[in-house]
Amino acid sequence: MIEMNGAKPLLQDLDDAIARGTDESRAKALWHATDILITGRYSDDEISMFGEVIGRLADEIEVVARAQLSELMAACDHAPLNVIEKLALDDAIEVAGPVLRDSDRIDEKMLVESALTKGQSHLLAIAQRKSIGEAVTDVLVKRGNQEVVTSVARNEGARFSGSGLLHMVRRAEGDSILAEQLGLRKDVPRHIFQQLISKASEDVRRRLKTERPEMMAQIQSSVTEVTGDLQSKFGPSSRSYFVAKRTVTTQHRLGNLNQDSISNYARQHRFDEVQIGLSLLSALPVDVIERALMDRNREMILVLCKALDFSWDTTMSLLFLGAKDHLITARELHDNERDFGRLKIETSRSILKFYQSRKNSAGTDSAQGRQPELQVH
């Protein structure tokens with residue numbers, strides 16, 4: 001290990017080389033200092049001293065030499081931070097690329113600064129890192145071109161914020177390659193996946209059905225007719241059902257069907273009125289509403305309520321209505337309230353449109369005897 005007293009003369013000699021030397025002697029001094037740094041073990045103060053030397057020399061050398069230095073520094077686990085920053089923010093991608101892609105010494109702040117201020121080649125290098133945090137991907141998905149965004153979507157080590165994922169979904173519309181890459185990610189929540197599928201082409205849906213059958217099956221079950229175990233215990237073909245249908249349809253025609261009436265029905269445990277009313281307000285088949293109310297996975301009813309801009313109190317009354325014996329644990333209620341708060345109206349309405357489009361493409365004739373012919377005005 002170099003002693004601090006021995007390093008100071010080295011620094012002075014190199015300063016002299018910078019001031020009076022030729023390009024060739026400066027390059028030799030750089031590689032000498034770099035070799036000493038890489039092959040030894042040094043304290044933080046000594047590494048900082050090397051950083052000062054190497055940083056000064058880096059200012060005096062050509063792009064080709066700086067690019068070579070970047071390759072060496074990217075692989076060095078104790079590279080001086082000031083040198084890493086200087087290289088990462090270099091305008092030449094040949095210089096910045098290696099440390100942006102591979103250096104473990106570069107921090108998130110430097111990556112964000114580069115992503116905000118540099119060109120697409122720099123963004124692509126960052127998108128290829130083995131791990132990328134949310135603050136960085138937020139910038140990449142907004143500033144990056146198609147190649148950058150597709151690369152970061154393909155990167156399993158990238159982490160996305162909720163807003164970052166939504167931005168990716170918007171960019172994936174009309175971009176089948178990006179839509180497929182995003183759909184293949186295991187960390188995409190189901191409600192984001194639903195929105196992605198709602199905007200994707202039939203070819204992308206078909207490929208994702210092959211690659212992500214479990215996710216597609218969950219979504220498909222949410223938008224197809226419900227049979228078997230999910231038959232309503234209230235019997236839609238009963239006289240009481242058709243009385244409820246006539247009453248609620250009349251209310252809707254008069255403009256009196258709204259959140260308050262749905263909430264009142266729910267609190268009175270009037271299941272028929274609730275499912276017919278929600279069907280009218282959402283333009284979804286009654287069977288789909290029934291599924292949402294009674295399914296143990298409460299995500300669909302949360303999305304529906306958010307899309308209709310219902311309050312948490314109304315949503316809660318619907319959760320209790322569909323729960324077994326109308327009972328929900330405090331923990332479940334807390335989790336549902338948290339999930340409801342995180343949902344965005346815009347996202348939920350996109351998912352609702354997807355449900356509606358699936359209903360329209362599938363038709364409703366197969367539900368005769370189960371589903372009333374409701375006209376939504």
Side-chain angles (χ1 to χ4, degrees), residues 134 159-166 185-195 214-215 217-224 226 228-236 240 244 248 257-282 284-352 354-355:
E134 293 181 3
R159 296 293 172 261
F160 296 92
S161 67
S163 62
L165 283 173
L166 288 174
R185 292 189 64 88
K186 305 299 185 186
D187 58 347
V188 172
R190 192 170 72 164
H191 70 277
I192 297 291
F193 189 87
Q194 287 174 315
Q195 187 175 7
E214 77 296 338
M215 187 71 88
Q218 290 178 28
I219 295 175
Q220 185 66 30
S221 69
S222 297
V223 294
T224 56
V226 180
D229 292 340
L230 289 174
Q231 292 279 340
S232 172
K233 61 183 178 181
F234 296 96
S240 63
V248 177
L257 183 63
N258 51 38
Q259 176 178 186
D260 289 341
S261 50
I262 295 293
S263 181
N264 288 333
Y265 288 144
R267 289 187 171 90
Q268 297 170 37
H269 295 173
R270 296 169 67 178
F271 194 93
D272 288 344
E273 284 84 350
V274 166
Q275 63 175 343
I276 294 167
L278 288 176
S279 175
L280 286 164
L281 291 175
S282 65
L284 291 176
V286 172
D287 284 346
V288 174
I289 300 299
E290 180 183 333
R291 170 73 176 241
L293 288 168
M294 299 185 67
D295 198 337
R296 290 181 63 185
N297 185 326
R298 314 320 304 272
E299 184 175 31
M300 187 176 173
I301 191 63
L302 295 179
V303 168
L304 178 60
C305 288
K306 181 66 73 167
L308 294 174
D309 200 17
F310 282 2
S311 68
W312 167 244
D313 283 345
T314 299
T315 304
M316 185 168 53
S317 67
L318 293 172
L319 291 171
F320 276 107
L321 176 67
K324 184 178 180 181
D325 299 324
H326 307 303
L327 296 175
I328 303 176
T329 67
R331 176 62 181 273
E332 288 174 327
L333 196 61
H334 172 76
D335 290 346
N336 285 324
E337 183 175 10
R338 178 200 61 205
D339 293 343
F340 182 75
R342 289 175 176 174
L343 285 171
K344 304 298 183 186
I345 291 180
E346 178 186 356
T347 305
S348 300
R349 286 178 176 168
S350 293
I351 296 171
L352 178 59
F354 171 60
Y355 291 155

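Only heavy atoms go into these numbers, but all of them, side chains included; no hydrogens, no water, no symmetry mates.
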Original post:
Taking all atoms of both residues into account, what is the closest heavy-atom pair of Pro189 and Leu165, and its distance?
Top reply: CD-CD1, 3.7 Å
**OP:** Hey, could you give me the CG/CD distance between Leu293 and Gln275, rounded to the nearest 0.5 Å?
**Re:** 7.0 Å
Original post:
Given the rule in the side chain to side chain contact (heavy atoms under 4.5 Å, CB included) test, do Leu319 and Phe340 qualify, once you have shown the distances and angles that lead to the verdict?
Top reply: CA-CA 12 Å; Leu319 291 171; Phe340 182 75; over 6 Å; no
Original post:
Would a 4.5 Å heavy-atom cut-off, applied to side chains only, mark Ile289 and Leu304 as touching?
Top reply: yes
**OP:** For the residue pair Val288 and Ser282, establish whether any side-chain heavy-atom pair is separated by less than 4.5 Å.
**Re:** no
Original post:
So which heavy atom on Leu278 is nearest to which on Leu308, and how close?
Top reply: CD2-CD1, 4.0 Å
**OP:** Please determine if Arg291 and Asp287 form a salt bridge, counting it only when a charged side-chain N lies under 4.0 Å from a carboxylate O.
**Re:** no
**OP:** Could you pull out the closest heavy-atom pair between Ala266 and Ser317, with the gap in Å?
**Re:** CB-OG, 3.6 Å
Original post:
Quick one: SG on Cys305 to CG on Asn336, what's the gap to the nearest 0.5 Å?
Top reply: 10.5 Å
**OP:** Say whether, by atom type as modelled, one donor and one acceptor occur between the side chain of Arg349 and the main chain of Ala307 under 3.5 angstrom.
**Re:** yes
**OP:** May I ask you to test the Leu302-Arg342 pair for a side-chain heavy-atom distance under 4.5 Å?
**Re:** no
Subject >> Flag side-chain contact, heavy atom, 4.5 Å: Asp187 against Arg159 >> reply: yes
Subject >> Closest non-hydrogen atom pair, Leu318 against Arg298 >> reply: O-NH2, 4.3 Å
**OP:** Check side-chain contact (heavy atoms from CB on, under 4.5 Å) between Gln268 and all other residues, then give those that pass, not counting sequence neighbours.
**Re:** Asn264, Arg270
**OP:** Take Val303 and Leu343, measure what side chain to side chain contact (heavy atoms under 4.5 Å, CB included) needs, and give me the verdict at the end.
**Re:** CA-CA 7 Å; Val303 168; Leu343 285 171; 4.1 Å; yes
Original post:
Would you say Ile301 and Thr315 make side-chain contact, with heavy atoms under 4.5 Å?
Top reply: no
Subject >> Partners meeting side-chain contact (heavy atoms from CB on, under 4.5 Å) with Leu333 (sequence neighbours left out) >> reply: Trp312, Met316, Phe320, Ile328
Original post:
Going from CG on Asp260 to OH on Tyr265, what distance comes out if it is rounded to the nearest 0.5 angstrom?
Top reply: 11.5 Å
Subject >> Exercise: identify the closest heavy-atom pair between Leu257 and Gly277 >> reply: CD2-O, 3.7 Å
Original post:
Got more than 12 heavy atoms from elsewhere within 6.0 Å of CZ, Arg338?
Top reply: yes
